[in-house]
Amino acid sequence: MIQLIRSDERLIHGQCMTQIVRTYDIQEIIVIDDATAENTLLKRIFTMAVPKNMKAQVFTFNDSVAKVEEALTNSVKTLVLMKTPVPMVQLLQKIPGLNKELNIASLSQRKNTGLCVEIVPATYFTVEEFNAVEQLTEAGVRVWLQMIPNSTRTEWTEIRERIQQKFNKL
C-alpha cells in the first residue's frame with residue numbers, strides 16, 4: 001500500500017530515513033529516476049542507505065510502473081520517491097488508480113535547466129515542473145510542499161496564483 005508519494009531531488013537521505021520513514025511507517029521505498037537507475041554505483045548507494053529491515057529499489061520510469069501498480073494492492077507500506085513532480089504526471093497517465101496526493105520537498109535552484117522560480121524556501125520550479133504541478137492539480141491531485149513532517153506545510157492551492165504570476169513574468 002502506498003503511504004506517500006514524494007518529490008525530493010535528494011531522494012534517499014538523512015531526513016528521509018529519520019523522519020519520513022518513521023512518520024509513515026515505511027517498509028519499502030521505490031525510487032523512480034532514470035539516471036540513478038542506470039548508474040550502478042548510485043543505485044547501490046541508494047539501496048544500501050536504508051536500514052536492514054527495509055527494502056529500497058531504484059527503477060527507471062518505464063520499469064517502475066509495474067512495481068508501483070503492485071504497491072497499490074499489496075500490504076507493504078511503501079514510499080514512492082522521484083526527484084521532480086514530472087514523473088507523477090506520467091504515472092497518473094499509466095496508473096489511473098494511483099493515489100492523488102503528492103508531497104514536494106527540496107528542489108534546488110539548478111543550472112542548465114532554464115529559469116527557476118522560488119516556490120517556498122529551498123524549493124524552486126522550472127517551467128516544466130510548474131506545468132507538471134498544474135496538470136496534477138487539474139487532474140485532482142492534492143499537492144503540498146513540506147520538507148519533513150513537523151515543518152510548515154504549504155498547500156499548492158494556497159500559493160498557486162502567486163506562483164503563476166511569477167511564471168507569467170518570465
Side-chain angles (χ1 to χ4, degrees), residues 1-26 29-36 58-62 64-65 67-69 71-72 77-170:
M1 101 189 45
I2 296 176
Q3 296 289 89
L4 179 66
I5 303 174
R6 180 174 167 94
S7 166
D8 186 335
E9 72 179 353
R10 302 166 295 173
L11 298 172
I12 297 174
H13 56 87
Q15 288 177 331
C16 180
M17 290 296 93
T18 60
Q19 297 197 28
I20 302 293
V21 164
R22 286 185 190 152
T23 299
Y24 291 91
D25 194 26
I26 300 299
I29 300 174
I30 298 171
V31 175
I32 303 171
D33 185 61
D34 290 352
T36 304
V58 182
F59 298 96
T60 63
F61 176 80
N62 288 334
S64 74
V65 174
K67 186 65 179 172
V68 172
E69 287 178 321
L72 277 174
K77 295 177 181 172
T78 304
L79 167 63
V80 177
L81 269 176
M82 57 200 76
K83 284 188 176 183
T84 77
V86 175
M88 180 68 173
V89 174
Q90 299 164 321
L91 279 177
L92 271 178
Q93 292 167 353
K94 300 232 180 231
I95 309 170
L98 189 64
N99 305 34
K100 291 204 170 190
E101 292 197 355
L102 176 65
N103 165 226
I104 299 176
S106 177
L107 281 166
S108 65
Q109 197 165 11
R110 291 145 284 155
K111 295 178 182 176
N112 303 323
T113 59
L115 293 173
C116 288
V117 170
E118 186 174 36
I119 307 304
V120 294
T123 302
Y124 295 78
F125 283 178
T126 63
V127 172
E128 179 185 29
E129 292 156 355
F130 172 77
N131 289 335
V133 171
E134 287 290 277
Q135 288 176 11
L136 292 169
T137 303
E138 290 169 14
V141 176
R142 175 181 164 241
V143 177
W144 78 95
L145 298 101
Q146 185 177 39
M147 292 293 217
I148 53 176
N150 62 355
S151 67
T152 302
R153 176 184 292 210
T154 303
E155 296 290 334
W156 177 250
T157 54
E158 296 170 7
I159 62 170
R160 182 180 186 202
E161 286 183 33
R162 179 175 53 84
I163 302 305
Q164 194 167 34
Q165 289 173 1
K166 286 184 177 183
F167 276 97
N168 288 342
K169 290 179 183 177
L170 297 180

Got a second to check how far Trp144's CH2 is from Leu102's CG, nearest 0.5 Å? 7.5 Å

Test item: Val117 and Tyr124 side chains (from C-beta on) under 4.5 Å apart, heavy atoms: no

Under the side chain to side chain contact (heavy atoms under 4.5 Å, CB included) criterion, do Leu145 and Trp156 qualify, and how do the steps go? CA-CA 7 Å; Leu145 298 101; Trp156 177 250; 4.1 Å; yes

Centroid-centroid distance, Phe130 to Phe125, less than 6.0 Å: no

Note: Glu134-Arg160 ion pair, threshold 4.0 Å (strictly below): yes

Let me confirm one number: the CE-CD1 distance from Met82 to Ile104, rounded to the nearest 0.5 Å. 10.0 Å

Distance from Asn103 atom CG to Arg153 atom CZ, nearest 0.5 Å? 7.5 Å

Just by distance, do the side chain of Thr123 and the backbone of Ile119 share a donor-acceptor pair under 3.5 Å? no

Could you check whether any side-chain N or O of Glu129 sits under 3.5 Å from a backbone N or O of Thr126, counting only pairs where one atom can act as donor and the other as acceptor? yes

Between Glu155 and Glu158 (side chain of the first, backbone of the second, donor and acceptor by atom type, cut-off under 3.5 Å), is there such a pair? no

Taking atom NZ of Lys166 and atom CD1 of Ile159, what is their separation to the nearest 0.5 Å? 8.5 Å

Less than 4.5 Å apart, side chain to side chain, heavy atoms only: is that true for Lys83 and Thr36? yes

Side chain Asp33, main chain Val58, donor-acceptor under 3.5 Å: no

At their closest point, which heavy atom of Leu136 faces which heavy atom of Pro85, and how far apart are they? CD1-O, 4.1 Å

Any donor-acceptor pair under 3.5 Å linking the side chain of Ser64 with the backbone of Ile32? no

Met147 and Pro121 have their tightest heavy-atom pair at CE-O, 4.4 Å

Main chain of Ile148, side chain of Ser151: is a donor-acceptor contact present, judged purely on distance under 3.5 Å? yes

Heavy-atom closest pair, residues Arg6 and Gln146: NH1-O, 3.5 Å

Would you find a donor on one side and an acceptor on the other, under 3.5 Å apart, between the side chain of Lys77 and the backbone of Val21? no

Pair Ile26-Gln3, side chain to side chain contact (heavy atoms under 4.5 Å, CB included): steps then yes or no: CA-CA 7 Å; Ile26 300 299; Gln3 296 289 89; 3.7 Å; yes

Under a 3.5 Å threshold, yes or no: a donor from one side chain and an acceptor from the other, between Thr84 and Glu9? no

What I'd like to find out is whether the side chain of Ile2 reaches to under 4.5 Å of the side chain of Leu98, using heavy atoms alone. yes

For Gln164, does the CD atom sit with more than 12 other heavy atoms under 6.0 Å from it, leaving out its own atoms? yes

So Ile5 and Met88, side chain to side chain contact (heavy atoms under 4.5 Å, CB included) or not? Walk me through it. CA-CA 9 Å; Ile5 303 174; Met88 180 68 173; 3.8 Å; yes

Hey, does Phe61 have a side-chain heavy atom less than 4.5 Å from the side chain of Lys94? yes

Is there a side-chain contact between Val127 and Leu115, using heavy atoms and a 4.5 Å cut-off? no

Interatomic distance, CG@Asn131 vs CD@Glu138, rounded to 0.5 Å, equals 9.5 Å

From CG (Leu79) to CD1 (Ile20), nearest 0.5 Å: 7.5 Å

Could you walk me through whether Leu81 and Ile30 pass side chain to side chain contact (heavy atoms under 4.5 Å, CB included), step by step? CA-CA 6 Å; Leu81 269 176; Ile30 298 171; over 6 Å; no

Answer yes or no: is there a donor N or O on one side and an acceptor on the other, between the side chain of Asp8 and the main chain of Arg10, under 3.5 Å? yes

